[in-house]
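Each ligand, and each atom within it, is numbered from 1 in the order the structure gives. All values below were derived from every heavy atom in this structure, side-chain atoms included, with hydrogens, water molecules and symmetry-related copies excluded.
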Amino acid sequence: MEERGISQAVIQRLPRYFRYLGELKDEGVERISSKELSELMKVTASQIRQDLNNFGGFGQQGYGYNVEYLYQEIGKILGLDKTHHFIIIGAGNLGRALGNYINFERRGFIFSGMFDQNLDLVGMEVRGIKVQPMESMERFIKENDIDIAVLTIPKAGAVAVAERLVQNGIKAIWNFAHVDLNVPENIQVENVHLSDSLMKLSYNLNRYMRENE
Ligand code: NAI
């Protein structure tokens, strides 16, 4: 399947398609038209057709989309047909919340290890995974085929920890620390700022209140 020059905007929408299709599949729905999918997802049918045409389109005239096939194909595009092992650095509130979330496994992301510089936390278990000291991190990454690291530490230490992770073979970082990481271009970084999402909510709430005063 060709995937040349697909915009980030399209890529950002794919997980949502994947989620909806997963739910349809679980409900036993075998096929769906772009119109039905558009009503369900509250996006235009033409947007759906355009998005999916980026990948050669999956629909058939007069038939619509085969839910199972589309789900599998989008999963492949998102790399969800492979298994990834991840570690969490920072066993605080956020790190533990992420470690406790079981649905990552359903998507092929296996929670494999957890590390913290606070020795009081070492040995604590999060969903059967023991927190280890930072000194054990390098060896663990190599021995357990870890490709993703989740950074849930304050920004002060994040840049240095990211460098250590990269030196030891980590290929992707899911970064919750509020700082831009200085890593080589071949390392994939996804920055997450929940407060950005909250500010967007605040903006929409304010606009709604202004318009309905
Ligand atoms: P927390 O204080 O409960 O946990 C932080 C943990 O990181 C502590 O256990 C601490 O010992 C450990 N740590 C600190 N520096 C470290 C280092 N250099 N190496 C290894 N471990 C280290 O904090 P919480 O609530 O879990 O938040 C973690 C960070 O994530 C905070 O800095 C916060 O600003 C950020 N955050 C980001 C969000 C986002 O949307 N991006 C949302 C919530 C928090």
Side-chain angles (χ1 to χ4, degrees), residues 8-19 78-80 84-208:
Q8 280 297 317
V10 176
I11 303 290
Q12 265 185 24
R13 286 195 287 271
L14 288 183
R16 191 156 178 262
Y17 287 116
F18 187 75
R19 245 185 317 115
L78 291 171
L80 303 178
H84 298 283
H85 292 91
F86 72 89
I87 54 172
I88 298 177
I89 318 297
N93 292 310
L94 184 58
R96 290 203 298 265
L98 292 172
N100 273 313
Y101 184 60
I102 53 168
N103 268 358
F104 295 137
E105 261 88 20
R106 263 189 74 200
R107 302 279 182 245
F109 298 97
I110 313 297
F111 173 37
S112 305
M114 195 166 205
F115 298 84
D116 202 290
Q117 69 176 15
N118 180 354
L119 297 181
D120 290 343
L121 298 179
V122 168
M124 176 186 75
E125 274 194 25
V126 176
R127 216 152 48 82
I129 300 288
K130 277 204 169 80
V131 177
Q132 300 182 60
M134 291 299 284
E135 293 71 47
S136 310
M137 188 178 78
E138 276 83 358
R139 196 162 158 199
F140 188 88
I141 292 172
K142 290 193 180 119
E143 288 179 355
N144 293 278
D145 199 20
I146 306 295
D147 45 7
I148 301 178
V150 182
L151 264 192
T152 50
I153 59 175
K155 65 178 174 187
V159 171
V161 170
E163 278 170 17
R164 254 174 91 181
L165 289 165
V166 170
Q167 276 162 15
N168 288 282
I170 286 291
K171 299 186 184 69
I173 300 178
W174 200 21
N175 177 33
F176 287 81
H178 295 297
V179 63
D180 289 330
L181 304 175
N182 186 18
V183 294
E185 264 181 28
N186 61 331
I187 306 301
Q188 309 305 313
V189 177
E190 183 66 25
N191 296 308
V192 184
H193 299 293
L194 295 179
S195 47
D196 288 6
S197 176
L198 194 56
M199 284 187 260
K200 208 167 120 203
L201 180 68
S202 157
Y203 167 80
N204 286 327
L205 175 64
N206 280 334
R207 195 186 55 181
Y208 176 83

Return the closest protein heavy atom for [atom] as residue, atom name and distance.
{"atom": "atom 18 (N) of ligand 1", "answer": "Q117 OE1, 3.4 Å"}
{"atom": "atom 28 (C) of ligand 1", "answer": "T152 O, 3.5 Å"}
{"atom": "atom 7 (O) of ligand 1", "answer": "I153 CG2, 3.6 Å"}
{"atom": "atom 3 (O) of ligand 1", "answer": "N93 N, 3.0 Å"}
{"atom": "atom 1 (P) of ligand 1", "answer": "G92 CA, 3.9 Å"}
{"atom": "atom 40 (O) of ligand 1", "answer": "L194 N, 2.6 Å"}
{"atom": "atom 14 (C) of ligand 1", "answer": "P154 CD, 3.3 Å"}
{"atom": "atom 6 (C) of ligand 1", "answer": "D116 OD2, 3.6 Å"}

Original post:
Aromatic ring centroids of Y101 and F111 under 6.0 Å?
Top reply: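 No; F111 has its ring centre 6.0 Å or more from that of Y101.
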
Original post:
Does the ring centre of F104 sit less than 6.0 Å away from the ring centre of W174?
Top reply: yes

Take a 6.0 Å sphere around [atom1] of [X] and say whether it holds more than 12 heavy atoms from other residues, nucleotides or ligands.
{"X": "N144", "atom1": "CG", "value": "yes"}
{"X": "L205", "atom1": "CG", "value": "yes"}
{"X": "N118", "atom1": "CG", "value": "yes"}
{"X": "R139", "atom1": "CZ", "value": "no"}
{"X": "K155", "atom1": "NZ", "value": "no"}

Just distances here: any N/O of [X] and N/O of ligand 1 closer than 3.5 Å?
{"X": "F115", "result": "no"}
{"X": "S195", "result": "no"}
{"X": "L94", "result": "yes"}
{"X": "K155", "result": "no"}
{"X": "G90", "result": "no"}

Original post:
Against heavy atoms of N118, which atoms of ligand 1 measure under 4.0 Å?
Top reply: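 Counting from 1, the qualifying ligand atoms are 11 (O).
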
Subject >> Sub-4.0 Å atoms of ligand 1 with respect to non-hydrogen atoms of L121 >> reply: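 Answer, ordered by atom number: 9 (O).
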
**OP:** Verify, without hydrogens or angle tests, whether S112 (side chain) and H85 (backbone) share a donor-acceptor contact under 3.5 angstrom.
**Re:** no

**OP:** Please state which part of V192 comes within less than 4.0 Å of ligand 1, counting heavy atoms only: side chain, backbone, both or neither.
**Re:** backbone

Original post:
How does R96 reach ligand 1, if at all, at less than 4.0 Å between non-hydrogen atoms: by side chain, backbone, both, or neither?
Top reply: neither

**OP:** Would you indicate whether the side-chain heavy atoms of I88 and L98 approach each other to under 4.5 Å?
**Re:**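 Yes; the side chains approach each other to less than 4.5 Å.
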
Original post:
Is any side-chain heavy atom of M137 closer than 4.5 Å to a side-chain heavy atom of I87?
Top reply: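 Yes, at least one pair of side-chain atoms sits under 4.5 Å.
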
Subject >> Protein heavy atom under 4.0 Å of atom 11 (O) of ligand 1 >> reply: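 Looking at atom 11 (O) of ligand 1, one finds that a protein heavy atom does lie closer than 4.0 Å.
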
**OP:** Answer yes or no: is there an ion pair linking E125 with R96, defined by an N-O contact shorter than 4.0 Å?
**Re:**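 Looking at E125 and R96, the cut-off is not met.
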
